[in-house]
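Input: a single structure, listed below in structure tokens.
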Amino acid sequence: MNSLWNRFKYSVQADLHTLFDKKENKNPIAMLNQYIREAEKQTDSIGNLLERQSSLKKELQKELSEAEKMADKRRNQLELAQTAGEEDLIAFAEEEIAAYDTRAAELSESVMETAYELISLERKFEEMKHKVKDMKVRQLQLMGKENVTRAHHRMDQVISPENADSKMGTVGEMKKYIENLGGKIEREYETSSMERRLESLEKVEGAEQVRQA
């Protein structure tokens with residue numbers, strides 16, 4: 001129990017706001033996803049151990065009740081043996097009573113200790129679940145920040161490409177590209193216009209030749 005709990009100790013003691021301030025070349029959301037997966041896995045394991053601990057407590061209580069019941073039974077039998085003057089039965093009953101009383105005392109102590117440990121573990125388990133929930137909230141916060149950062153970055157590429165790390169180049173390069181593109185369009189339009197005029201002349205000339213013939 002202690003070993004498994006110590007493996008998850010970071011989730012109880014770590015400050016979530018400083019956990020991701022380390023200067024590492026990793027995606028903080030990917031790191032957090034990994035922590036959450038581990039946390040949920042450990043939460044399931046701890047939950048199973050708590051169920052087991054509760055079952056053990058019930059078993060100890062059952063054994064305690066049985067020992068106390070047998071001790072009372074042997075006391076009644078001791079009285080009967082004393083009344084009958086059966087010395088061997090008296091000795092046997094006294095030994096049995098001592099054995100059951102000793103067992104009951106040990107079991108009673110174990111039940112109290114187990115109950116205390118179970119309460120302590122349940123409180124830590126609830127604290128652990130709160131930490132996992134905090135991690136999930138932090139995950140949503142980081143995802144929101146990541147989306148905002150991506151949106152700002154893409155908008156900056158359009159608004160201020162000279163300051164953005166993109167393939168769009170500087171403003172001067174963009175202006176030159178647009179001017180060149182505009183000139184190309186104008187030239188293509190002019191060429192098309194010339195071609196239409198020439199085709200029109202060809203049609204007129206053809207019609208004149210037909211009329212003269």
Side-chain angles (χ1 to χ4, degrees), residues 1-22 24 26 28-143:
M1 175 68 72
N2 290 334
S3 176
L4 184 57
W5 184 261
N6 288 333
R7 289 174 54 193
F8 198 79
K9 191 175 181 179
Y10 72 89
S11 70
V12 179
Q13 297 178 343
D15 183 351
L16 293 176
H17 293 287
T18 60
L19 186 61
F20 301 101
D21 289 340
K22 298 179 180 179
E24 297 180 6
K26 294 183 178 179
I29 293 182
M31 292 173 60
L32 184 55
N33 290 340
Q34 180 180 353
Y35 276 105
I36 289 177
R37 285 193 296 270
E38 179 66 18
E40 290 178 336
K41 182 172 67 175
Q42 296 293 349
T43 299
D44 291 339
S45 297
I46 295 296
N48 292 334
L49 288 177
L50 285 178
E51 291 180 3
R52 176 60 176 164
Q53 189 74 1
S54 179
S55 298
L56 290 173
K57 176 189 172 185
K58 292 178 181 178
E59 289 294 326
L60 288 171
Q61 289 174 326
K62 180 179 179 181
E63 290 294 334
L64 173 60
S65 178
E66 182 68 21
E68 291 174 340
K69 181 180 179 180
M70 289 301 299
D72 291 338
K73 181 179 180 179
R74 289 291 186 260
R75 287 188 179 90
N76 293 332
Q77 291 174 339
L78 175 61
E79 292 179 0
L80 293 175
Q82 289 173 336
T83 300
E86 298 287 345
E87 296 298 331
D88 54 341
L89 293 178
I90 292 173
F92 174 77
E94 289 176 342
E95 291 175 357
E96 287 281 288
I97 291 171
Y100 283 121
D101 282 344
T102 299
R103 184 181 301 169
E106 293 177 353
L107 286 169
S108 179
E109 184 177 353
S110 295
V111 168
M112 289 189 295
E113 182 179 355
T114 302
Y116 174 80
E117 291 175 345
L118 182 59
I119 292 173
S120 178
L121 288 175
E122 287 175 343
R123 291 179 63 182
K124 284 187 176 182
F125 185 58
E126 290 301 317
E127 184 179 0
M128 181 172 63
K129 289 192 293 184
H130 281 300
K131 286 297 181 181
V132 174
K133 187 66 175 180
D134 288 342
M135 287 183 183
K136 291 184 177 180
V137 171
R138 181 62 169 159
Q139 181 187 42
L140 294 175
Q141 292 172 340
L142 286 177
M143 289 174 66

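Position 1 is the first residue of the sequence, and the numbers go up from there. Keep in mind that what you see is a predicted model, and the values were worked out from it rather than measured.
- The two atoms that bring Q53 and T114 nearest to each other are NE2-CG2, 3.7 Å, heavy atoms only.
- The existence of a salt bridge linking K136 and E40 is confirmed by a sub-4.0 Å separation between a basic side-chain nitrogen and an acidic carboxylate oxygen.
- Listed here is the closest heavy atom pair of I90 and Q82: CD1-CA, 3.6 Å.
- Separation of atoms CD (E59) and CZ (R52) is listed at 8.0 Å; rounding is to 0.5 Å.
- Of the possible polar contacts, none joining the S54 side chain to the L50 backbone as a donor-acceptor pair under 3.5 Å is found.
- Not a single donor-acceptor pair under 3.5 Å links the side chain of S120 to the backbone N or O of Y116.
- You'll find the side chain of K62 stays beyond 4.5 Å of the side chain of K58, heavy atoms only.
- In this structure, S55 contributes its side chain and E51 its backbone to a donor-acceptor pair below 3.5 Å.
- Using a 4.5 Å cut-off on side-chain heavy atoms (C-beta onward), T43 and M128 make contact.
- Looking at every heavy atom in both residues, A71 comes nearest to Y100 through CB-CB, 3.7 Å.
- In this structure, NZ in K131 is found 14.0 Å from NZ in K124, a value given to the nearest 0.5 Å.
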Inset, instruction - Show the numbers, then the answer: is there a salt bridge (Lys or Arg N to Asp or Glu O under 4.0 Å) between K69 and D72? - result: CA-CA 5 Å; K69 181 180 179 180; D72 291 338; over 6 Å; no
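- To the nearest 0.5 angstrom, Q77 atom CD is 7.5 Å from L80 atom CG.
- Formation of a donor-acceptor pair under 3.5 Å by the S108 side chain with backbone atoms of A104 is not found in this model.
- Remark: I119 CD1 to R123 CZ distance equals 9.0 Å, nearest 0.5 Å.
- The shortest heavy-atom contact between A81 and L89 is CB-CB, 3.8 Å.
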Inset, instruction - Verify side-chain contact (heavy atoms from CB on, under 4.5 Å) between K129 and K133, making sure each step is shown before the conclusion. - result: CA-CA 6 Å; K129 289 192 293 184; K133 187 66 175 180; over 6 Å; no
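- Note on E38 versus K41: salt bridge recorded, some NZ/NE/NH1/NH2 to OD/OE distance being below 4.0 Å.
- Comment: D101 does not engage R74 in a salt bridge, judged by the lack of any side-chain N to carboxylate O separation of less than 4.0 angstrom.
- The environment of CD in E117 is crowded: more than 12 heavy-atom neighbours from other residues, nucleotides or ligands sit within 6.0 Å.
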